[in-house]
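If you're wondering where the values come from, they're calculated on a predicted model, not measured in any experiment. Chain A is the first sequence line, chain B the second, and so forth, proteins listed ahead of strands; every chain is numbered from 1.
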Amino acid sequence: MKWVTVDRISGYEGEVVQLKGWIANRRSSGKVRFLLVRDGHGTIQCVVGAHDVAPEAFELADKVPYESSIVVTGTVKRDPRSPVGFELAVSDLQLVSEAQPYPISKKDHGVGFLMDHRHLWLRSSRQAALMKIRAAVSKAARDYFDELGFTAVEAPILTPTACEGTTSLFQVGYFEGSAYLTQSGQLYGEAAAMALGTIYVFGPTFRAEKSKTRRHLTEFWMIEPEMAFWEFPETIDLAEGMICRIVRDVLERCAEPLRALERDVSTLEKVTAPFPRITYSEAIDILKERGLPIQWGDDLGGDEETVLSEAFDRPLFVTHYPAAIKAFYMKRDPNDPRLALAVDLLAPEGHGEIIGGGQREDSLEKLEETLALHGLDRGPLEWYLDLRRYGSVPHAGFGLGIERCVAWIAGIHHVRETIAFPRLMDRLYP
RNA sequence: UCCCCGAUAGCUCAAUUGGCAGAGCGGGUGGCUGUUAACCACUAGGUUGUAGGUUCGAGUCCUACUCGGGGAGCCA
């Protein structure tokens, strides 16, 4: 007996096949039972007629609780009433495991309840669609860099110190001492770029900040390219190319998940190069014109990002931030030392910053100065300073937050649904 | 850390001015040969988050706490 998955069912019209999955829904009419069977690749209606199966199988179709696991045997039939174009005329039905009463019903639930049942919530079509889009985003980003000849390098998750002194870190025991969970792979990425030229780090990142917003997780994933001998403008081009590639691949490969999420893809189809590029100073002017209370030197908050991104119809690069509000490793603008060669990408539709990056400081002396200015202990960073002692070169890179990118592309409000098991300030279960 | 909102059946919510705690879904029983969150009938299901207080009487008013949601700051 041929075991097939729902996504391939159209190739088996008229044939008898087996499906293995779970009961997503059950309806009935007289002596017909309709089972919606979900197998992870799709959902299809299986029709069980009282006279077409053994009495035990019909009894099972009548009673089988939601989310029980089953194996169904039947003939694949084209049917215009089916959302997938086909249904299964069942000849046999076998129970794998009977489910206890399933906590998630077809009606509405609150976010707290769903998050407590995240391990089951993932079975819903909406969550499955988000996981597929997330996987497509990750793959597109990797493919983009792989095809450009970048080498994938993993940065350590356990680190001896902060990468950027400002943010708080998770401390963990490390034998007799302690370690921290990484807040960025970037510094290690810089070391790898000096060895391999162009690299990218793709891994988890941890921030112990007590952030409670729709854009924050305590554990999230970043893809961080780092390029030796690259300077500022071509780094922005690279980020632009990566976003276009991600959006293109998701539109091509995730039509069904996007439809399931009722995503208006017309805004995604507009995501083509070139993206608008404005400087921080221009951004401040725009915000002042629109009446926001902001001064040159202030960082851009969520409200400011939303106003800026709504002024353009595609992702927006903001460049040349004041050095004072950026990390210690940012290179100063040679034309204006108040500024850093830093770039952020703001996603449209109010999703905020999804990329942050720029050119790195390559002068040992200047880096030492900035470290002192930020009050950072240079001891644990001596290895990083070595990169400037032994053949320092201009180099640049950026980091893309996967969850924010997925939230934007999928058109959903909160990043917590874009990762299978989100970690938030007050949520560590399941 | 700060601001706002909330907690009533397994879930989502209702309960008028402080006056008998209810509905839908889910569970159970039965019905229907094409259902699409199917539908129809019946049925079980409650220490109203916790601890105090006001009152003849508290789901409702007051205080504290706990938990959750939304937002700010910080950042991707």
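- Across all strands shown, Q45(A) has heavy atoms under 4.0 Å from base atoms, whether or not it also approaches the sugar-phosphate.
- No engagement by H117(A) is indicated, since no non-hydrogen atom pair under 4.0 Å with the nucleic acid exists.
- Note: CG (L120(A)) to P (G26(B)) measures 17 Å, nearest angstrom.
- Centroid-to-centroid, the aromatic rings of H117(A) and Y102(A) stay 6.0 Å apart or farther.
- Between D336(A) and R338(A), at least one side-chain N (NZ, or NE/NH1/NH2) sits under 4.0 Å from a carboxylate O, which counts as a salt bridge.
- When each of A76(B), A72(B), G34(B) is scored by its nearest atom to the side-chain atoms of L217(A), the top-ranked nucleotide is A76(B).
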Can you give the dot-bracket line for RNA chain B, where a pair is Watson-Crick or G-U wobble with both atom distances under 3.5 Å, crossing pairs use [ ], and | marks a partner on another strand?
(((((((..((((.....[..)))).(((((.......))))).....(((((..]....))))))))))))....
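- A salt bridge links D344(A) with K326(A): the distance from a Lys NZ or Arg NE/NH1/NH2 to an Asp or Glu carboxylate oxygen falls below 4.0 Å.
- G18(B) and U29(B) have their C1' atoms separated by 41 Å, with the value rounded to a whole Å.
- Remark: P of A37(B) and CG of L36(A) are 9 Å apart, rounded to the nearest angstrom.
- Aromatic ring pairs are classed by plane angle as parallel below 30°, tilted from 30° to 60° and perpendicular above 60°; the pair Y321(A) and Y280(A) is tilted.
- Side-chain nitrogen and oxygen atoms of R427(A) include at least one within less than 4.0 Å of the OP1 or OP2 phosphate oxygen of G69(B).
- On the C1' atoms, U16(B) is 22 Å away from U54(B), given to the nearest whole Å.
- The distance between atom NE2 of H413(A) and atom P of G70(B), rounded to the nearest whole Å, is 8 Å.
- Look at the P atom in both C4(B) and C75(B): the space between them is 25 Å, to the nearest Å.
- For G71(B), neither phosphate oxygen OP1 nor OP2 lies less than 4.0 angstrom from any side-chain nitrogen or oxygen of K212(A).
- Between D249(A) and R253(A), at least one side-chain N (NZ, or NE/NH1/NH2) sits under 4.0 Å from a carboxylate O, which counts as a salt bridge.
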Using a 4.0 Å heavy-atom cut-off to protein, can you give one letter per nucleotide of nucleotides 27-32 of chain B, 5' to 3': B if the base is in contact, S if only the sugar-phosphate is, - if neither?
S--S-B
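- Each of C74(B), A76(B), G34(B) was ranked by its minimum atom distance to the side chain of F220(A); first place goes to A76(B).
- Candidate nucleotides C75(B), G73(B), G34(B) were compared by shortest atom distance to the side chain of D299(A), and C75(B) ranks first.
- Across all strands shown, H351(A) has no heavy atoms under 4.0 Å from either base or sugar-phosphate atoms.
- Using the six-membered ring where Trp is involved, F150(A) and F145(A) have ring planes that are tilted, between 30° and 60° apart.
- Looking at S211(A), its side chain comes within 3.5 Å of the base of C74(B) through a donor and an acceptor atom.
- Comparing the same atom, P, in C5(B) and in A64(B) gives a spacing of 14 Å after rounding to whole Å.
- Between U33(B), C75(B), U12(B), one nucleotide has an atom nearer to the side chain of F113(A) than all others, and that is U12(B).
- Taking the charged nitrogens against the carboxylate oxygens, K132(A) and E256(A) have no contact shorter than 4.0 Å, which rules out a salt bridge.
- When distances run from any side-chain atom of R214(A) to the nucleotides G71(B), C74(B), C11(B), the shortest one goes to G71(B).
- Atom pair F170(A):CZ and C74(B):P shows a separation of 19 Å (rounding to whole Å applied).
- Mapped onto RNA chain B by nearest heavy atom, G112(A) and I354(A) fall at different nucleotides, with G112(A) at the one closer to the 5' end.
- Looking only at distances, a side-chain donor or acceptor of E234(A) sits under 3.5 Å from a matching main-chain atom of E231(A).
- Atom CH2 of W408(A) and atom P of A76(B) are 18 Å apart (whole Å).
- Phosphate proximity of G70(B) to H216(A): absent, as no side-chain N or O sits under 4.0 Å from OP1 or OP2.
- Each of D79(A) and L424(A) lies near RNA chain B, and the nucleotide nearest D79(A) is the one positioned closer to the 5' end.
- E87(A) and S82(A) form no side-chain donor-acceptor contact under 3.5 Å, judged by distance and modelled atom types alone.
- I278(A) is listed as a side-chain neighbour of I286(A), based on a closest heavy-atom distance under 4.5 Å.
- Cation-pi geometry between R26(A) and Y66(A) is met: under 6.0 angstrom from the ring centre, within 45 degrees of the axis.
- If you measure from atom CG of L181(A) to atom C1' of A76(B), you get 17 Å, rounded to the nearest angstrom.
- Per the geometry, CH2 belonging to W121(A) stands 12 Å off P belonging to U12(B), to the nearest Å.
- The NZ atom of K210(A) sits 17 Å away from the C1' atom of C75(B) (whole-angstrom rounding).
- For G31(B) and A23(B), the C1' atoms lie 23 Å apart once the distance is rounded to whole Å.
- At a threshold of 4.0 angstrom between heavy atoms, the contacts of D426(A) are confined to the sugar-phosphate backbone, with no base atom among them.
- E87(A) comes within contact range of at least one nucleobase, with a heavy-atom separation under 4.0 Å.
- As rounded to the nearest Å, U60(B) and G52(B) have P atoms that lie 15 Å from one another.
- Distance check on atom C1': G69(B) versus A58(B) gives 26 Å, rounded to whole Å.
- The residues D52(A) and K31(A) are annotated as not salt-bridged, no charged nitrogen and carboxylate oxygen being separated by less than 4.0 angstrom.
- Look at the P atom in both C42(B) and C25(B): the space between them is 13 Å, to the nearest Å.
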